[in-house]
Number of protein chains: 2
Amino acid sequence: MAQRGTRQKIVEIADDLFYRQGFEHTSFADIAKVVNISRGNFYHHFKSKDEILDAVIKTRLEMTQQMLVDWEEEGASPKERIESYIRILLTNWTMIKEYGCPVGTLCTELAKLNHTSKEQASKVFTLFRIWLRQQFSQLGYGDEADGLAMHVLSWSQGVATLGNAFNDLEYVSQEVSKMCDWLDVMSRRNISGKKSNQKKR
Amino acid sequence: MAQRGTRQKIVEIADDLFYRQGFEHTSFADIAKVVNISRGNFYHHFKSKDEILDAVIKTRLEMTQQMLVDWEEEGASPKERIESYIRILLTNWTMIKEYGCPVGTLCTELAKLNHTSKEQASKVFTLFRIWLRQQFSQLGYGDEADGLAMHVLSWSQGVATLGNAFNDLEYVSQEVSKMCDWLDVMSRRNISGKKSNQKKR
DNA sequence: GACAAAATAGGACAAACGTCCTATTTTCCG
DNA sequence: CGGAAAATAGGACGTTTGTCCTATTTTGTC
């Protein structure tokens, strides 16, 4: 019981520190200090720093998946569900303005480190991608659904990066409005094909 | 003569390594090895690592400014000039797919390090922002010009991040096409107000 | 209560880090 | 040519890094 508790605590705190300080800039000592355990104990749970990273990414994948399930249940329509995604830019603004997007910043850092877990980290993006694609499919977009999902993904990603760089909430709010307006147009356009998802253009 | 040569060489190589490996992951020894000088000599030119960073950022600001001047001269119309910006996603693709956008990735890294030069680094974004705003002003967009500039900036930034995460050239090409299509619509819409920039809506 | 297993503590290790120092060499200018 | 200044080399420093090791304590089970 104590084992899983400590292990989980390590992962949670490592997750937070990797996000706020970056993976490489976070040391074993940093994590151990916050968890309040010795480095020796640390090594009993994780054999290497990369192993913690893998655990953190795994947790993020699970948390993301759960969040998507929640959005699926909460949102009455595909449009509302996609809006849930768009809104995280504002929901998590206090973190984003300081540390950027957790997913994007980890991917870019691992890319520069040429780290083997880079692909694994990008799978968090894939989760959003698949989920968004599904929503657009339900809006009647067949072949275009994936492209639209990627469009939303990149748009929000860019807003997070620029919002962080300029620390500008007003700009982020405006872009969120633009995205919702765009989504509004998109959801009306194919309202006819809503029930015939597979309809070829 | 030899001084400026060595100093410039250090900055150029540091610029490249900071981009490809990240600022913090690049050590004095890394740079010295490529420049082929001793660490002692290194310290004669730069008193600290932060000082090199400042020099690198300064160079990037100058290079960017020069590039914008070139685009200004090469492009016949505002639309063509903005297209020059959009196209860098494809022009620099071989680098972007491996290391992301040089501007965005440095800003996010410095944000996590809570580095004092973060604001200075984001000024590269500001250069693009002002230049793009100018182009949209010439297209007849008065008050909206800045918002449109930021929109292009964030869009391309997101595409760079996602393109890097997924290593997907096809997606990037599609987004570039979308951006050019969007720009096409935007440049036609306000063709009437082209000569009356200050015209209030 | 006994005993194996898990958990924890804390020190030791070599390597790498940014920084600083002192010599030596090269360059520049009167 | 000569002497001041700049450029370069290379070692030394204190810290921090990830990793590993060996004890000690706690836990779970028969």
Side-chain angles (χ1 to χ4, degrees), chain A residues 1-58 106 109-110 112-118 120-121, chain B residues 1-57 59 106 109-110 112-118 120-121:
Chain A
M1 196 165 91
Q3 180 204 0
R4 180 155 293 172
T6 303
R7 198 193 140 93
Q8 190 180 328
K9 207 171 174 186
I10 292 174
V11 174
E12 283 173 10
I13 285 167
D15 187 0
D16 178 56
L17 290 177
F18 287 174
Y19 174 37
R20 282 167 36 215
Q21 306 186 345
F23 168 67
E24 197 179 31
H25 190 243
T26 301
S27 68
F28 267 55
D30 288 336
I31 304 171
K33 196 185 294 173
V34 179
V35 184
N36 207 24
I37 57 171
S38 65
R39 278 161 297 138
N41 188 9
F42 208 120
Y43 226 74
H44 177 259
H45 294 281
F46 297 97
K47 281 181 291 188
S48 71
K49 202 180 171 185
D50 291 346
E51 216 168 81
I52 307 174
L53 178 61
D54 286 340
V56 166
I57 294 174
K58 191 184 167 195
L106 181 62
E109 182 180 0
L110 295 183
K112 286 187 199 278
L113 297 181
N114 208 10
H115 200 283
T116 49
S117 296
K118 185 209 165 189
Q120 197 65 19
Chain B
M1 197 165 89
Q3 179 204 2
R4 179 156 293 174
T6 302
R7 199 192 139 93
Q8 190 179 329
K9 207 171 174 185
I10 292 174
V11 174
E12 283 173 10
I13 285 166
D15 187 0
D16 179 56
L17 289 177
F18 287 173
Y19 174 38
R20 281 167 36 215
Q21 306 186 345
F23 168 67
E24 197 177 32
H25 190 243
T26 300
S27 68
F28 267 55
D30 288 336
I31 304 172
K33 198 186 292 173
V34 179
V35 184
N36 207 27
I37 57 172
S38 65
R39 276 162 299 136
N41 187 9
F42 207 119
Y43 227 73
H44 177 259
H45 294 281
F46 297 96
K47 281 182 289 190
S48 72
K49 202 180 171 186
D50 291 346
E51 216 168 83
I52 308 175
L53 177 61
D54 286 340
V56 166
I57 293 174
T59 302
L106 182 62
E109 182 181 1
L110 296 184
K112 285 185 200 278
L113 298 181
N114 207 9
H115 200 284
T116 50
S117 296
K118 185 209 165 191
Q120 198 64 18

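Keep in mind the model is a prediction, meaning the values are calculated, not measured. Numbers restart at 1 for each chain; the letters A, B, ... are given by sequence-line order, proteins then strands.
Although no hydrogens or angles enter the test, the distance criterion places a donor-acceptor pair under 3.5 Å between the side chain of A/Lys49 and the main chain of A/Phe23. The closest donor-acceptor contact from the side chain of A/Glu109 to the backbone of A/Phe18 lies at 3.5 Å or more, if one exists at all. In this structure, the side chain of B/Ser38 engages the main chain of B/Asn41 through a donor-acceptor pair within 3.5 Å.
The number of heavy-atom neighbours closer than 6.0 Å to CG of A/Asp50, taken from other residues, nucleotides and ligands shown, is above 12.
Distance, B/Ile37 CD1 to D/dA6 P: 18 Å, rounded to whole Å. Here the P atom of nucleotide D/dT26 and the NE2 atom of A/His44 are 16 Å apart, to the nearest Å. We find that CZ of A/Phe42 is positioned 16 Å from C1' of D/dT16, with the value rounded to whole Å.
Counting heavy atoms from C-beta outward, B/His115 and B/Leu53 have side chains that approach closer than 4.5 Å.
With sequence neighbours left out, B/Glu12 forms a side chain to side chain contact (heavy atoms under 4.5 Å, CB included) with B/Gln8.
Residues B/Leu17 and B/Thr26 come closest through the heavy atom pair O-OG1, 3.2 Å.
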Revision key, fill the gap. Per-nt protein contacts along nucleotides 10-23 of chain C (heavy atom under 4.0 Å; B base, S backbone sugar-phosphate only, - none) come out as BBB----SSBB---
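For the residue pair B/His25 / B/Asp30, no side-chain donor-acceptor distance below 3.5 Å is found, with atom types taken as modelled.
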Atom pairs under 3.5 Å: protein N/O with N/O of nucleotides 24-26 of chain C:
none

